[in-house]
Amino acid sequence: MLTILLDGHGELAEWRDAARALLLAAIPPEKVEWQGGDAAAGDLFNGQMTSPSPLPPPHPQAAAPTVPRAFLDLADTVICHSDPGRFALLYRLLWRLQGERALLEMKADADVAQADRLEKSVRRDAHKMKAFVRFKELPDSAGQPRRRFLAWFEPDHFIVGRTAGFFQRRFTDMDWVIATPKGTSSWDGQQLRVDLTPASKPDLTDAADDLWRTYFAHIFNPARLKVKAMQSEMPKKYWKNLPEADLIPDLIAGAEARVREMAERAATEPPAFHHRLHGRRKDGP
Amino acid sequence: MKKTLKERLAILSDAAKYDASCASSGTERRDSGRSGGLGSTEGSGICHAYAPDGRCISLLKILLTNFCIYDCAYCINRSSSNVERARFSVEEVVWLTLEFYRRNYIEGLFLSSGIIRSSDHTMEELVRVARLLRTEHGFRGYIHLKTIPDASPALIEEAGLYADRLSINIELPTDAGIDNFAPQKHPARIRGAMGDLRLKIDAAAEPSFRGRRKRFVPGGQSTQMIVGVDGANDATILASSARLYGNYRLRRVYYSAFSPIPDSSKALPLIKPPLVREHRLYQADWLYRFYGFAVEEITRTRPDGNLDLEIDPKLAWALANRERFPVDINRADREMLLRVPGLGPRSVNAILSARAHKALRLEDLGRLGVSLRKVRPFIAALGWTPLRLVDRSDLRDLFAPKPEQLSLF
């Protein structure tokens, strides 16, 4: 049994190098134990970690392994997942692909289905990060040539690197930092940086949040309360970092009364300017 | 005393919330990476928040002003309503959009307005907001502008240069309904404006002799129909949508269940908004646009021309056309697979790709993420035949919800 130790912070290269060496040495998946990410750190503290094995030399008759482009794309995403089984799953797929070239199209295969599930969940997490990051302007931003913003976000997976480009292409004319427990990305107009050391939550306020909360409360239609629909798209785990989210309980609690009040209010006499516009005819058609 | 920005934001978002559209998808891909401005649109839209009404908040959706000279019975902003009035300056809307965008609250702006003074004056103000955002501030986020029915062609033309999407609301599914409840609006002129816009969009898509296409409303046009104000049945509504999709090539028709508004008109009694009906209309709309169903096929299943509220329209069609089932998932073509309740375009693609390599069993479908409970009665797979399950008389009960689950309040 070989033990391969990886950082496991969502970078494909370290896994790819190890996997290539293992494949060239013809080591089958069941002979490899992969460790990395948070799970490995836990083992380290418990003193249970097996020491990593050196990568094996290539088998004399080994041909250079090839994989379809689609596998690399899939692996690039799956590797960001926090599931400790991701390295082994990808190696199993890589191993099987050497004989079953069409494997990835067999969507009902258990390994392929599992990889698709992980991929989907990483994509969703990245999408939610693009949606729910909230920048706050730094207090010393005013005197600077470029305005400066900071955000705190807590992703499920190792997606800080994946999403950095999106934020750079979008918020190009401002300086920003997105800090997360899984690393930090930042942009200063010159360079996009990704640092995978965990950051801690900053304490910041932004006056614009108050306007945003006003908007959130007033764009809500109390006559169409659908709490489940909201929560399936904006699960509670995100709420703690959304400035608008603490309004939600009161909006829900007050909705019924607001609708009742609308219904009970008698129709009013139209304002004067209506009569000037449309003459003194009856209200309505 | 002049209202603060925050007070006016409250009034003018209250005034805008009855417009269902908040989409920020379907426009061109662009970003600020090289240009150095602010904003991007990268294909799929992003919902930055969800309100407790379950609706996506993607755009800053506000009115420039809720003063309005029209008196449409269903509208919170009609001239006869005593709702509080306010207006933004063009510069304030620009500022709010940019500040909201910088904090990643929104994908962009959806700006509409009550009609003040004249159609042209109102349209000019809307266009000025978009022009400032694009040209003064290098804003590359999403912009959706409401077009005002009788505004001059030159203004619409300019709006189309800056906006990703333009929309004009048809409001009600029949002309008689519009005459009745929106006496200042003219259905023929609304359709005329849609037709003109379609021609402009088509013309811009034609390559010039240098092979270049003009950028003009890349997200196309959309509209909204209010459901439950007049007596139109679902068959009428969907036929009207089909005409709008066909004749004016609209990207989307939104259905908005008429919902109680503050200070409502005496002409429209306050009722619970028909949310289930609205949902069924969207499902039917989807079947028409993406599943190859004709409108008549969907609306024929009930004599009153309304969709079944208890079960979705695809299931209703399947139950009314039992002789078409079971569908053999290893042999049937894409068109027929799409008609199986419980299969969507994504699972159909997965089935087509997977079955090229081996014959599929029920368990295989389960791994593709298909709900077996839903599809089982309607398909045959390797090792599975539904044994004339389709002839069962209790089939409807298998799917129809228990009555108490229907209540929404």
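What you are looking at is a predicted structure, and each value in this text was computed from that prediction instead of being measured. Chain naming here is simple, since letters A, B, ... match the order of the sequence lines and numbering starts at 1 in each.
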Which distance, rounded to the nearest 0.5 Å, do you find between the CZ of Arg224(A) and the CZ of Arg55(B)?
3.5 Å

If one checks every heavy atom of Tyr101(B) against chain A at 4.5 Å, the contacting part turns out to be both

Check each atom of Tyr74(B) against the heavy atoms of chain A and say whether the ones under 4.5 Å are side chain, backbone, both or neither.
neither

With a 4.5 Å cut-off on heavy-atom pairs, point out which of Met106(A), Met174(A), Gln168(A) contacts chain B the most.
Met174(A)

Please check this pair: side chain of Ser353(B) against backbone of Glu105(A), looking for a donor-acceptor N/O pair closer than 3.5 Å.
yes

Heavy-atom pair count under 4.5 Å with chain B, highest-scoring of Leu277(A), Ile219(A), Leu242(A):
Ile219(A)

State, yes or no, whether a side-chain contact exists between His274(A) and Asp71(B) at a heavy-atom distance under 4.5 Å.
yes

Using modelled atom types and a 3.5 Å cut-off, is there a donor and acceptor pairing between side-chain atoms of Asn104(B) and backbone atoms of Lys130(A)?
yes

Is there a side-chain contact between Arg134(A) and Tyr105(B) in this structure, where contact means two heavy atoms from C-beta onward sitting under 4.5 Å apart?
yes

Between Glu99(B), Arg30(B), Glu7(B), which shows the greatest number of heavy-atom pairs under 4.5 Å with chain A?
Glu99(B)

For Ser259(B) and Ala223(A), work out which heavy atoms get closest and say how close.
OG-CB, 3.7 Å

What part of Ile57(B) is in contact with chain A, defined as an atom under 4.5 angstrom from a non-hydrogen atom: side chain, backbone, both or neither?
side chain

Straight-line distance of Arg103(B) CZ to Trp212(A) CH2, nearest 0.5 Å:
12.0 Å

Can you tell me how far the CE atom of Met262(A) sits from the CD1 atom of Ile261(B), to the nearest 0.5 Å?
9.0 Å

Is the number of heavy atoms from other residues, nucleotides or ligands under 6.0 Å of Glu28(B) CD greater than 12?
yes

Can you spot which of Arg102(B), Arg140(B), Glu107(B) makes a side chain to side chain contact (heavy atoms under 4.5 Å, CB included) with Arg170(A)?
Glu107(B)

Check each atom of Phe100(B) against the heavy atoms of chain A and say whether the ones under 4.5 Å are side chain, backbone, both or neither.
side chain

Does NZ belonging to Lys3(B) count more than 12 external heavy atoms closer than 6.0 Å?
yes

Which bit of Ser44(B) comes within less than 4.5 Å of chain A, counting heavy atoms only: side chain, backbone, both or neither?
side chain

Given heavy-atom pairs under 4.5 angstrom as the criterion, report whether the side chain, backbone, both or neither of Leu211(A) touches chain B.
both

What option among Met230(A), Arg169(A), Lys228(A) has the most heavy-atom pairs under 4.5 Å with chain B?
Arg169(A)

Side chain / backbone / both / neither for Glu244(A) at chain B, heavy atoms under 4.5 Å
side chain

Positions in residues 356-367 of chain B that reach chain A, provided some heavy atom is under 4.5 Å away:
His357(B), Asp364(B), Arg367(B)

Euclidean distance, Thr214(A) OG1 relative to Asp14(B) CG, rounded to 0.5 Å:
11.0 Å

Between Phe149(A) and chain B, with a heavy-atom cut-off of 4.5 Å, which part of the residue counts as in contact: side chain, backbone, both or neither?
side chain

Hey, is the main chain of Ser32(B) close enough, under 3.5 Å, to the side chain of Thr172(A) for a donor-acceptor pair?
yes

Region of Cys56(B) in contact with chain A, defined by heavy-atom distances below 4.5 Å:
neither

Per-residue contact mode, Leu251(A) against chain B (heavy atom under 4.5 angstrom):
side chain

Could you check whether any side-chain N or O of His48(B) sits under 3.5 Å from a backbone N or O of Val133(A), counting only pairs where one atom can act as donor and the other as acceptor?
no

Answer with side chain, backbone, both or neither: which region of Tyr215(A) has an atom nearer than 4.5 Å to a non-hydrogen atom of chain B?
both

Do Pro52(B) and Phe216(A) come within less than 4.5 Å of each other through their side chains, counting heavy atoms only?
yes

Looking at Ala208(A), Ala229(A), Ala113(A), Ala263(A), which one has more heavy-atom pairs under 4.5 Å with chain B than the rest?
Ala208(A)

Is chain B contacted by the side chain of Asp209(A), its backbone, both, or neither, given a heavy-atom distance below 4.5 Å?
both

Rounded at 0.5 Å granularity, tell me how far OG in Ser13(B) sits from CZ in Phe220(A).
13.5 Å

In terms of heavy-atom contacts, Phe132(A) and Cys47(B) come closest through CE2-O, 4.0 Å

Using heavy-atom distances under 4.5 Å, tell me whether Tyr238(A) contacts chain B through its side chain, its backbone, both, or neither.
neither

Any donor-acceptor pair under 3.5 Å linking the side chain of Asn82(B) with the backbone of Glu269(A)?
yes

Select one option (side chain, backbone, both, neither) describing which atoms of Ile62(B) are under 4.5 Å from chain A's heavy atoms.
side chain

Neighbour count above 12 (heavy atom, 6.0 Å) for Arg146(A) CZ
yes

